[in-house]
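Note that the structure is a prediction, hence the values are computed from the model and not measured.
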There are 2 protein chains.
Amino acid sequence: MSRAGETGVQSALSTLRILEEVARRQPVGVSELARIADMPKSSVQRYLATLQQAGWLRIVDTERARWGLTAKPIGIGLRAAGEGGLREAALPAMRALSREINETVHLAMRDENSLVIVARRDGTQTVRTYVELGTIAPIHGTASGLSILARLPDAEVDAVIAAGLAAHTGTTIVDADTLRAEVAATRERGYAINAASWWRPHVAAIGAAITDRTGRPLAAFALSIPTVRFDPADAPRLGALAVAAADQVSDLLD
Amino acid sequence: MSRAGETGVQSALSTLRILEEVARRQPVGVSELARIADMPKSSVQRYLATLQQAGWLRIVDTERARWGLTAKPIGIGLRAAGEGGLREAALPAMRALSREINETVHLAMRDENSLVIVARRDGTQTVRTYVELGTIAPIHGTASGLSILARLPDAEVDAVIAAGLAAHTGTTIVDADTLRAEVAATRERGYAINAASWWRPHVAAIGAAITDRTGRPLAAFALSIPTVRFDPADAPRLGALAVAAADQVSDLLD
DNA sequence: CCTGTCGTTCCGATGGTTGGAACGACGTAT
DNA sequence: ATACGTCGTTCCAACCATCGGAACGACAGG
């Protein structure tokens with residue numbers, strides 16, 4: 001079916017696809033899902049019934065049969081987040097950091113070549129950056145990602161490069177050597193700076209990695225600042241604060 | 001296949017079953033999963049490959065092929081938790097509450113006739129109650145659940161009763177009229193008391209509901225206290241604190 | 001050396017899955 | 001009032017994806 005012609009239970013893949021679409025668009029109806037996923041309505045209906053039977057979905061609006069998630073995925077998601085250990089450990093530091101600088105702080109967890117935004121603390125400014133929780137971000141295109149790469153051995157950095165450097169804005173680093181240089185600069189600096197909107201337009205960021213006790217990076221804090229408010233001269237101060245907070249959380253782990 | 005002979009894509013149900021088992025037991029191998037789920041090893045292997053292809057699982061230990069969750073479920077779980085809105089709104093109050101009484105505070109979200117434990121703040125005591133995040137708890141067998149039932153109209157309480165009152169310990173309320181009386185007492189009191197280990201042995205609890213602006217209960221705080229340390233005379237003070245915290249969060253919603 | 005268990009791969013028979021077609025209900029434009 | 005479009009839902013026969021037993025090499029321990 002798909003070009004990545006692997007083995008795989010087709011019906012299960014389709015069912016999971018529907019699950020993900022419901023998660024993204026809930027509350028949502030059968031026809032809309034069928035259109036989005038380009039599947040027959042009757043098939044989608046069957047997948048929905050299957051997911052309901054498995055306890056993942058339920059009809060949240062009986063009037064017009066809108067589907068939504070049950071609470072079961074919460075438990076699965078929390079386990080994926082390491083029983084919330086990292087998240088819970090990081091939240092206090094995030095709050096303090098956010099208060100100190102009065103800007104949005106994100107917690108991003110690494111998953112292979114991606115990051116997942118798993119927590120956020122906002123500042124009080126009227127103009128704020130915003131990314132939805134659960135969003136997947138590229139590791140090579142974010143300050144958080146760079147701060148993580150900087151803590152990895154060169155071989156793993158090369159593996160990320162080998163996987164391909166997709167462009168997200170006109171300024172995303174897509175050249176291998178440029179990225180290696182940025183990693184080197186980040187290692188020296190101790191924190192990462194994205195002043196050029198690598199990923200999202202008009203957003204600058206400072207990144208600092210959180211490591212386990214072996215020094216392996218698991219996640220990172222990002223100070224997300226609208227470019228219009230970002231002054232490069234502030235970077236050292238912000239960077240030092242971010243690193244201090246990240247180190248504090250790192251020390252809490254295990 | 002199962003007695004609840006519904007329609008449903010069998011292979012998808014089996015695949016989801018494997019996903020849940022991996023979530024619960026990660027890191028885990030093929031054979032163990034096959035034993036637990038009572039499925040042929042080759043089938044489990046195929047389901048795992050399917051879930052990997054869908055991006056939900058990956059091999060976390062290449063040496064012995066142990067499977068674990070990717071970060072994708074985190075995003076799904078966060079959306080199930082209402083983009084974290086309730087959770088994020090409740091965490092500060094939970095922290096304050098936990099500090100004040102120096103006991104464990106749980107946040108439980110309602111899902112039909114169940115609760116899901118979605119957050120926890122511990123006190124500093126050596127002996128603590130412990131339930132894993134993501135655990136499903138019965139609404140009729142917990143202080144949090146009772147506090148939620150007390151905010152629901154009688155018709156919905158009856159619906160919960162009609163769904164069946166399963167016993168979890170020898171003291172779980174399984175009689176409809178006893179439960180109705182307890183609901184009435186909770187309504188009058190404003191908070192729920194479980195001093196008899198309805199759900200988990202040796203655990204007492206005080207529950208207070210969190211409502212949306214229409215007054216509908218969405219979740220609840222539970223003060224979870226080992227029975228040995230629980231003094232019924234403290235209930236009014238603890239209850240008042242729990243209600244105050246819950247109300248404070250309720251006011252934050254929307 | 002033998003045994004048990006691990007993860008992985010293969011393949012023919014089978015029955016679960018598929019999706020077009022049709023239904024009644026509803027809201028809207030004609 | 002009529003015609004039309006869309007909604008969610010149900011049914012069924014043909015087909016092909018799925019199933020699971022069997023066998024593989026690798027490994028650890030007795």
Considering every strand and a 4.0 Å limit on heavy-atom distances, what is the contact class for B:Ser43: base, sugar-phosphate, or nothing? base

Please give, in whole Å, the distance from C:dG16 P to B:Leu13 CG? 13 Å

Before accepting this row, confirm whether a basic side-chain N of the pair B:Arg35/B:Glu32 lies closer than 4.0 Å to the acidic partner's carboxylate O. no

Measuring to OP1 and OP2 of D:dT6, would you say a side-chain N or O of A:Ser31 lies under 4.0 angstrom away? no

Would you kindly give the CD-to-C1' distance between B:Glu32 and C:dT8, to the nearest whole Å? 18 Å

Atom CH2 of B:Trp67 and atom P of C:dC6: how far apart are they, to the nearest Å? 16 Å

Interatomic distance, B:Asp61 CG vs D:dC27 C1' [rounded to whole Å]: 15 Å

Rounding to an integer number of Å, can you tell me how far B:Ile59 CD1 sits from C:dG7 C1'? 9 Å

Mind calculating the distance between OH (B:Tyr47) and P (C:dG7) to the nearest angstrom? 17 Å

Determine whether any donor atom in the side chain of B:Arg66 lies under 3.5 Å from an acceptor atom in the base of C:dG7, or the reverse, and answer yes or no. no

If you only use heavy atoms from C-beta on, which nucleotide in C:dT17, C:dT9, D:dT9 is closest to the side chain of A:Gln45? D:dT9

Charged N to carboxylate O under 4.0 angstrom, A:Asp154 versus A:Arg187? yes

Pairwise 5' ranking along DNA chain D for A:Ala12 and A:Ala65, keeping only the more 5' one: A:Ala65

Atom CD1 of A:Ile18 to atom P of C:dG19: distance rounded to whole Å? 12 Å

Is any side-chain N or O of A:Arg46 under 3.5 Å from a base N or O of C:dG16, one able to act as donor and the other as acceptor? no

Given the structure, check if the side chain of B:Lys41 and the base of D:dG20 hold any donor-acceptor pair shorter than 3.5 Å. no

Between B:Arg35 and B:Ser42, which is nearer to the 5' end of DNA chain C once each is assigned its nearest nucleotide? B:Arg35

Check ion pair B:Asp61-B:Arg64 (N to O, under 4.0 angstrom): no

Determine whether the side chains of B:Trp56 and A:Glu20 contain a donor N or O and an acceptor N or O closer than 3.5 Å. yes

If I take atom CD in residue B:Glu63 and atom P in nucleotide D:dC27, what distance separates them, rounded to the nearest angstrom? 9 Å

